[in-house]
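To keep things clear, I will list the structure first and then write my remarks on it.
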Amino acid sequence: MDTGTSLLLLAAGGAGGVINALAGGATLITFPAMLAAGLPAVIANASNAVAISPGHLIAALADRGKLPPPTRRTVSFVAVSTVAGGVGAGVLLLLPERLFVLPVPALIAFATLLFAFAPQIQAWTVGHQTAALPSTGASSAVLGLACVYGGFFGAGLGVILTAVLSITEPSDIRAIKALKNLLATCVSLAATLIFIEQGAVRWPETLVMLLGAMIGGYAGGYLIRILPARIVRQFVIASGALMTAVYAGRYWF
């Protein structure tokens with residue numbers, strides 16, 4: 001790995017760390033950076049997942065006081081998220097490279113749209129909460145589908161989980177966010193372990209990006225005081241749209 005590639009990944013990791021601290025959506029920056037570093041798409045996706053995975057755990061621990069008690073429903077959600085995340089990672093590794101690259105532009109576009117409309121999605125779902133909780137089986141099925149996607153690609157998973165939990169778990173939004181972070185951690189850890197065990201992670205690039213993400217996350221804690229989240233959101237949306245166009249041109253035309 002040359003110096004230019006190292007600097008690219010370090011900068012992308014740093015930007016991703018800041019973006020996650022302020023608004024979320026780091027994958028829209030970090031995954032294309034892994035591709036730009038010359039990694040095959042599947043390896044880039046797996047390596048990116050490992051590099052940014054600590055963010056979910058840190059977020060869960062930061063607000064652990066709002067985590068739900070270990071009821072049967074909560075434990076079942078944790079189990080479903082873990083298994084589904086592993087299934088998504090397994091599907092990714094089973095796909096031939098040529099079949100994964102085809103939906104990459106669509107996946108980036110989907111994640112960008114989710115991120116762009118996240119406030120409206122979350123406001124709608126919170127506004128349509130019902131007093132009666134869906135059955136644990138029905139809730140787990142919907143959650144499982146979301147977490148399979150999270151293990152497979154992951155971009156926008158936080159928005160999807162927040163929307164699902166806002167409907168299935170009527171509660172205050174802070175508790176929903178805390179549970180979302182816990183379940184995203186389960187998905188991330190399951191996928192990460194499979195990627196590592198199967199040798200799908202390119203460690204030099206991953207460690208450089210991980211270092212950048214840690215620095216960026218720390219810096220984001222200070223920048224959140226002075227940098228408007230709106231500016232960050234606009235940057236991420238513009239970057240996602242640009243990356244969609246770039247990779248559509250590479251893989252579709």
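Being a predicted model, the structure only gives us computed values, none of them experimental.
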What is the minimum heavy-atom distance between [X] and [Y], and which atoms define it?
{"X": "S81", "Y": "V187", "answer": "O-CG2, 3.5 Å"}
{"X": "A51", "Y": "A213", "answer": "O-CB, 4.3 Å"}
{"X": "L8", "Y": "A33", "answer": "CD2-O, 4.0 Å"}
{"X": "Y247", "Y": "A36", "answer": "OH-N, 4.0 Å"}
{"X": "T82", "Y": "C186", "answer": "OG1-CB, 3.4 Å"}

Working to the nearest 0.5 Å, report the span between [atom1] of [X] and [atom2] of [Y].
{"X": "L10", "Y": "L7", "atom1": "CG", "atom2": "CG", "answer": "7.0 Å"}
{"X": "F115", "Y": "I19", "atom1": "CZ", "atom2": "CD1", "answer": "7.5 Å"}
{"X": "M34", "Y": "T206", "atom1": "CE", "atom2": "OG1", "answer": "4.5 Å"}
{"X": "I108", "Y": "L113", "atom1": "CD1", "atom2": "CG", "answer": "12.0 Å"}

Check whether any side-chain heavy atom of [X] lies under 4.5 Å from a side-chain heavy atom of [Y], and answer yes or no.
{"X": "R250", "Y": "V104", "answer": "no"}
{"X": "E205", "Y": "S47", "answer": "no"}
{"X": "P204", "Y": "M209", "answer": "no"}
{"X": "L39", "Y": "L35", "answer": "no"}
{"X": "L28", "Y": "M243", "answer": "no"}
{"X": "L211", "Y": "I215", "answer": "yes"}
{"X": "V80", "Y": "L183", "answer": "no"}
{"X": "T244", "Y": "F110", "answer": "no"}

Check your understanding: Does P70 offer a backbone N or O that forms a donor-acceptor pair with the side chain of T74 under 3.5 Å?
Key -> no

Point to revise | N/O donor-acceptor pair under 3.5 Å between E97 side chain and A41 backbone | key: yes

Check your understanding: Any luck finding a side-chain donor-acceptor pair between S188 and T185 under 3.5 Å?
Key -> no

Given the rule that I, L, V, M, F, W and Y join up when any side-chain heavy atoms are under 4.5 Å apart, are [X] and [Y] in one cluster?
{"X": "L193", "Y": "W203", "result": "no"}
{"X": "I52", "Y": "V50", "result": "no"}
{"X": "L95", "Y": "W252", "result": "yes"}
{"X": "L189", "Y": "V83", "result": "no"}

Point to revise | Residues that, via side-chain heavy atoms closer than 4.5 angstrom, fall in one hydrophobic cluster with V75 | key: none

Exercise for review: Evaluate side-chain contact (heavy atoms from CB on, under 4.5 Å) for V246 paired with Y251, printing each intermediate quantity in order.
Suggested key: CA-CA 9 Å; V246 168; Y251 298 137; over 6 Å; no

Review point. Under the criterion side chain to side chain contact (heavy atoms under 4.5 Å, CB included), which of V201, V42, I43 is the partner of F195?
Key: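 When side chain to side chain contact (heavy atoms under 4.5 Å, CB included) is applied between F195 and each of V201, V42, I43, only V201 qualifies.
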
Review point. Side chain to side chain donor-acceptor pair (under 3.5 Å) with T3: which residues, sequence neighbours excluded?
Key: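 Scan of T3 (side chain to side chain donor-acceptor pair (under 3.5 Å), adjacent residues dropped) gives none.
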
Check your understanding: Has F235 got more than 12 heavy atoms of other residues, nucleotides or ligands less than 6.0 Å from its CZ?
Key -> no

Ignoring hydrogens and angles, write down the donor-acceptor pairs under 3.5 Å from the side chains of residues 143-158, residues two or more places apart or on other chains.
from: Y149; atom 1: OH; to: A155; atom 2: O; distance (Å): 2.5

